[in-house]
There are 2 protein chains.
Amino acid sequence: MTDIKTMIDLDKASSVLKLMGDKTRLSMLKLLQKNECCVCEFVAIFNVSQSSISQHLRKLKDVGLVNENRKGQWIFYSLNRQHEAYEFVQNLLDFIPDQDQKIKELEQQGLRITCE
Amino acid sequence: MTDIKTMIDLDKASSVLKLMGDKTRLSMLKLLQKNECCVCEFVAIFNVSQSSISQHLRKLKDVGLVNENRKGQWIFYSLNRQHEAYEFVQNLLDFIPDQDQKIKELEQQGLRITCE
DNA sequence: TTAACATATAAGCATATGATGATATAGTTA
DNA sequence: TAACTATATCATCATATGCTTATATGTTAA
C-alpha cells in the first residue's frame with residue numbers, strides 16, 4: 001500500500017476518462033471492481049439491449065481495461081489488473097459508491113442472474 | 001492530509017469524467033491546478049480558436065468546476081476548491097504529469113502571454 | 001444435426017460534440 | 001466619443017456516440 005502513483009500521460013488519461021464518462025460504462029467498471037460479470041448480468045442490470053452492452057464492453061476491451069474469460073457458454077469480464085492505468089482507474093472508482101444494490105434489486109425481483 | 005474520501009455519486013462522477021475526457025479540457029484543468037489562467041493564455045497554448053476555448057471554459061463553469069474572476073480586461077479562471085468533486089478531480093489530476101512545458105514553450109517562442 | 005442460448009457484429013438513425021467564422025458584449029485607452 | 005483588446009455567444013457543419021433491430025457466430029445439449 002504505497003503512495004507512489006503511476007503517472008499516466010495526458011492522452012492516455014483522457015481516453016480512459018472518456019470511456020469512464022459514460023454512466024453505463026462507469027457503473028460496469030464499478031461493478032467489476034468487486035465482481036466478475038458476464039454480459040447477461042449487465043443486460044439484466046441496465047435497461048438497454050444486449051447489443052448495447054456488448055458494444056460498451058468492446059470499447060473497454062479495446063483499450064485493455066477489461067479482460068474476457070469464456071466459461072462455457074458465458075463470457076466473464078474482469079478488470080485488467082495489468083493495465084498501466086489500473087491504479088488510476090481504481091483510485092477513481094474508490095470515490096464512487098458501490099453499485100451492489102443493482103444486483104440485489106435483481107435478486108429481489110426474482111430476476112436472479114442465470115449464468116452463475 | 002487525511003485519507004477520507006468524499007464520495008461522489010455515479011451520475012455526478014460520470015458528468016465530471018465526461019468533461020475530463022476531452023484532451024483540451026483535461027489539459028486546461030491540469031494547468032489550473034497550479035496556475036490561474038486567462039482565456040488568452042489557453043488560446044495561445046492550444047491550437048484552437050478563441051471561440052473553442054471559450055466554449056470549453058463554459059462547460060467547466062456550468063458544472064461549477066472552475067470559477068471566473070475578472071481583472072480589468074481579462075477574465076482569469078481557477079479551480080473551484082469548494083466544488084463537491086474537487087477532491088476527486090484533484091486526486092485524478094495528480095496522476096497526470098504537469099503541463100508546464102506548454103507555458104515554457106510559449107515563452108521560448110517569444111509568444112509570451114500578454115495578460116500578466 | 002438441430003434447437004436453444006449467449007454473445008458479437010453490422011447497418012441505420014437520432015442526438016451530442018467540438019470545431020469554425022461571424023458577431024455581440026464588455027472593458028481600456030486615446 | 002471612437003478604436004482596440006478580451007471574451008462570449010450564435011449559427012453552422014462534420015464527425016462521434018449510443019442506441020436499436022437484424023443477423024452472425026460460438027457453445028451446449030437434445
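First the proteins, then the strands, lettered A, B, ... as listed; each starts at 1. When reading the values below, keep in mind they use all heavy atoms of this one structure, side chains included, and skip hydrogens, waters and symmetry mates.
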How many whole angstroms separate atom [atom1] of [X] from atom [atom2] of [N]?
X	N	atom1	atom2	answer
A/E68	C/dA8	CD	C1'	10 Å
B/E41	D/dA6	CD	C1'	13 Å
A/N47	D/dC19	CG	P	11 Å
B/I53	C/dG18	CD1	P	12 Å
A/Q50	D/dA24	CD	P	15 Å
B/Q73	D/dA3	CD	C1'	12 Å
B/L26	C/dG18	CG	P	13 Å
B/L60	D/dA8	CG	P	12 Å

Strictly below 4.0 Å: does [X] bring a side-chain N or O up to OP1 or OP2 of [N]?
X	N	result
A/R70	C/dT7	no
B/H56	C/dT17	no
B/S49	C/dT20	yes

Margin query: Between B/E41 and B/I103, is there a side-chain heavy-atom distance shorter than 4.5 Å?
Written below: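 They are not in side-chain contact.
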Contact class for [X] (heavy atom, under 4.0 Å): base, sugar-phosphate, or nothing?
X	answer
A/K18	sugar-phosphate
A/Y77	sugar-phosphate
B/K61	nothing
B/F46	nothing
A/K59	sugar-phosphate

Look up atom [atom1] in [X] and atom [atom2] in [Y], then write down how far apart they are to the nearest 0.5 Å.
X	Y	atom1	atom2	answer
B/L10	B/S15	CG	OG	9.5 Å
B/M28	B/M20	CE	CE	12.5 Å
A/L60	A/N80	CG	CG	11.5 Å

Notebook entry, point to check: Do B/H83 and B/V89 pass the side-chain contact (heavy atoms from CB on, under 4.5 Å) test, and can you show the C-alpha distance, the side-chain angles, and the key distance before you say yes or no?
Noted result: CA-CA 10 Å; B/H83 194 280; B/V89 170; 6.0 Å; no
Among [options], which is the nearest nucleotide to the side chain of [X]?
X	options	value
B/W74	D/dA6, D/dA8, D/dT20	D/dA6
A/Q55	D/dT7, C/dA11, D/dT27	C/dA11
B/R58	D/dT9, D/dG18, D/dA6	D/dT9
B/V48	D/dA8, D/dC19, C/dA19	C/dA19

Check: Checking only heavy atoms, does the side chain of A/S51 share a donor-acceptor pair with the base of C/dA8 at less than 3.5 Å?
Finding: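 It does not, because no donor-acceptor pair links the side chain of A/S51 to the base of C/dA8 below 3.5 Å.
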Notebook entry, point to check: Closest nucleotide of DNA chain D for B/L57 versus for A/K71: which of these residues is on the 5' side?
Noted result: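 The residue mapped nearer the 5' terminus is B/L57.
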Note to self: Under the salt bridge (Lys or Arg N to Asp or Glu O under 4.0 Å) test against A/D98, which residue among A/K104, A/K30, A/K34 passes?
What the structure shows: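 So, applying the salt bridge (Lys or Arg N to Asp or Glu O under 4.0 Å) to A/D98 and each of A/K104, A/K30, A/K34, only A/K34 qualifies.
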